[in-house]
Amino acid sequence: MTATQLVPPATETGDAGTRIASAEVLVTSPGRNFVTLRLRTEDGVVGLGDATVNGRELAVASYLADHVTPLLIGRDAHAIEDTWQYLYRGAYWRRGPITMAAIAAVDTALWDIKAKLAGLPLYQLLGGRSRRGCLAYGHASGADLPELFDSVRAHLEQGYRAIRIQTGIPGLGSVYGVASSAHAGVGGGTRYDHEPARRSDVPVEEEWDTRAYLRHAPRVFEAVRAEFGPDLPLLHDAHHRLTPIQAARLGKSLEPYDLFWLEDVTPAENPAVLRRVREHTTTPLAIGEVFNTIWDYRELFEEQLIDYVRSPVTHAGGITALRRIFDYAAVYQIKSGVHGPTDVSPVGLAAALHLGIALPNFGIQEYMKHSAETDEVFRPTHRFEDGLLHPGEQPGLGVEYDDEVADAHPYARAYLPVNRLSLDGAMHDW
Ligand SMILES: O=C(O)[C@@H](O)[C@H](O)[C@H](O)CO
Ligand SMILES: [Mg+2]
């Protein structure tokens with residue numbers, strides 16, 4: 001018996017017409033860079049997957065085009081789990097953001113195809129609808145309190161029912177997450193909270209002072225609660241900048257302001273340090289936007305060190321893998337809080353919404369609205385209404401890639417910022 005005879009033939013699991021006939025890696029830059037995988041079956045059914053890794057886009061494009069797409073031709077598009085295992089175990093070199101984004105793109109595209117073949121929106125294949133819509137949170141920010149309050153008001157007017165709060169810090173120039181920061185946005189002009197990656201040959205350098213931040217943050221939340229009352233769910237992102245004991249102090253100092261979550265208080269490499277944070281504070285914790293496998297969460301779940309899982313479909317190996325992470329999280333009453341910056345493409349966001357609407361332990365979905373230019377390329381059918389995101393009722397993911405519009409936006413190198421301490425210019429976590 002030859003090795004190939006061990007592989008279940010396509011005809012056993014579906015029609016010969018469901019074999020993958022073409023696999024294309026598409027790179028476009030409608031305001032920011034996106035990498036998309038497009039699979040097509042012999043019968044012409046198309047599936048899309050997001051493979052965008054912000055600031056390192058071409059590495060995934062090459063991983064897919066040079067090493068993965070040749071393996072996909074002729075495989076049965078229905079065999080999602082087998083293809084996932086084939087790419088994960090078969091690479092030998094496991095985990096890592098580039099590998100897992102590539103696998104995620106294949107997995108997402110195959111789910112898109114399966115749902116289109118079934119004639120159903122993808123969430124129907126993931127267990128069906130569990131809720132009316134996915135609660136979203138938006139990003140409010142300001143260099144100072146008046147600017148922040150205006151931004152919160154603008155979000156409330158748009159219907160947001162949960163809001164992330166980031167502000168400038170007195171004495172510091174440009175800091176993470178603030179729309180009006182000096183070096184903000186694409187080309188330096190547009191809103192920072194819309195797109196932190198900047199088209200340039202070198203990254204923008206931001207400034208950081210942990211002592212100033214720890215003093216300022218509780219004052220900001222005190223002022224926001226005084227202005228907007230006790231009801232509004234508020235979130236905050238510390239972007240991996242603190243030591244465990246600093247993080248513990250921040251969590252404790254924010255307890256009176258009843259945060260929905262405090263995100264990424266410590267760097268991701270050693271999540272076990274969250275034990276120290278947890279000992280000291282009841283402020284809910286979220287982490288995981290830079291994790292990429294279920295194994296990264298093991299201690300955090302089993303010791304109940306976090307409350308929300310930040311992994312998106314795009315960076316955690318796709319719908320198959322993220323669903324497993326959430327099922328594991330549910331054992332410990334930990335909920336989803338899927339990462340949704342603009343670098344997760346409309347394909348990645350659609351995948352999150354189909355999963356989110358079906359998931360029993362959905363928590364919240366981050367929502368940074370994509371630009372009009374981006375939506376012209378991807379034509380998403382999901383929508384934001386009354387603070388909730390809806391995946392829509394189109395068969396599959398409900399996203400369509402417009403080649404003509406995409407081709408008018410060629411790749412442009414862009415980097416996320418880097419961060420230096422104001423004290424002595426040493427590199428710090430961004
Ligand atoms: O929570 C968030 O959305 C941020 O941490 C972004 O992931 C980061 O700015 C890179 O896009
Ligand atoms: Mg974050």
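For the single chain, residues carry numbers from 1 onward in sequence order.
- Lys114 places a side-chain N or O within 3.5 Å of a backbone atom of His78 that can act as its donor or acceptor partner.
- Two rings, from His236 and Phe221, have their centers less than 6.0 Å apart.
- Using cut-offs of 30° and 60° for the angle between ring planes, the Phe34 and His370 rings count as perpendicular.
- Checking Asp107 against Thr320 by side-chain atom types alone, a donor-acceptor pair falls below 3.5 Å.
- With respect to the salt-bridge test (charged N to carboxylate O, under 4.0 angstrom), the residues Glu24 and Arg40 qualify.
- Relative to the six-membered ring of Tyr415, Arg198 misses at least one condition, a distance below 6.0 Å or an angle of at most 45° to the axis.
- No close placement of the Phe362 and Phe326 rings is indicated, their centers lying 6.0 Å or farther apart.
- Looking at Arg241, its side chain never comes within 3.5 Å of a backbone N or O of Trp208 through a donor-acceptor pair.
- Ring geometry for Tyr88 against Trp84 counts as parallel: the plane angle stays under 30°, on a 0 to 90° scale with 60° as the upper cut.
- Close placement of the Phe378 and Tyr401 rings is indicated, their centers lying within 6.0 Å of each other.
- Between the side chain of Thr99 and the backbone N or O of Gly96 there is no donor-acceptor pair closer than 3.5 Å.
- Using a cutoff of 4.0 Å between basic side-chain nitrogens and carboxylate oxygens, Glu207 and Arg420 are not scored as salt-bridged.
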Problem - Glu255 vs Lys252, salt bridge (charged side-chain N to carboxylate O under 4.0 Å, His left out): CA-CA, chis, key distance, verdict - result: CA-CA 5 Å; Glu255 274 172 26; Lys252 221 165 144 175; over 6 Å; no
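- Taking the six-membered ring for Trp and thresholds of 30 and 60 degrees, Tyr160 and Tyr367 have ring planes inclined between 30 and 60 degrees apart.
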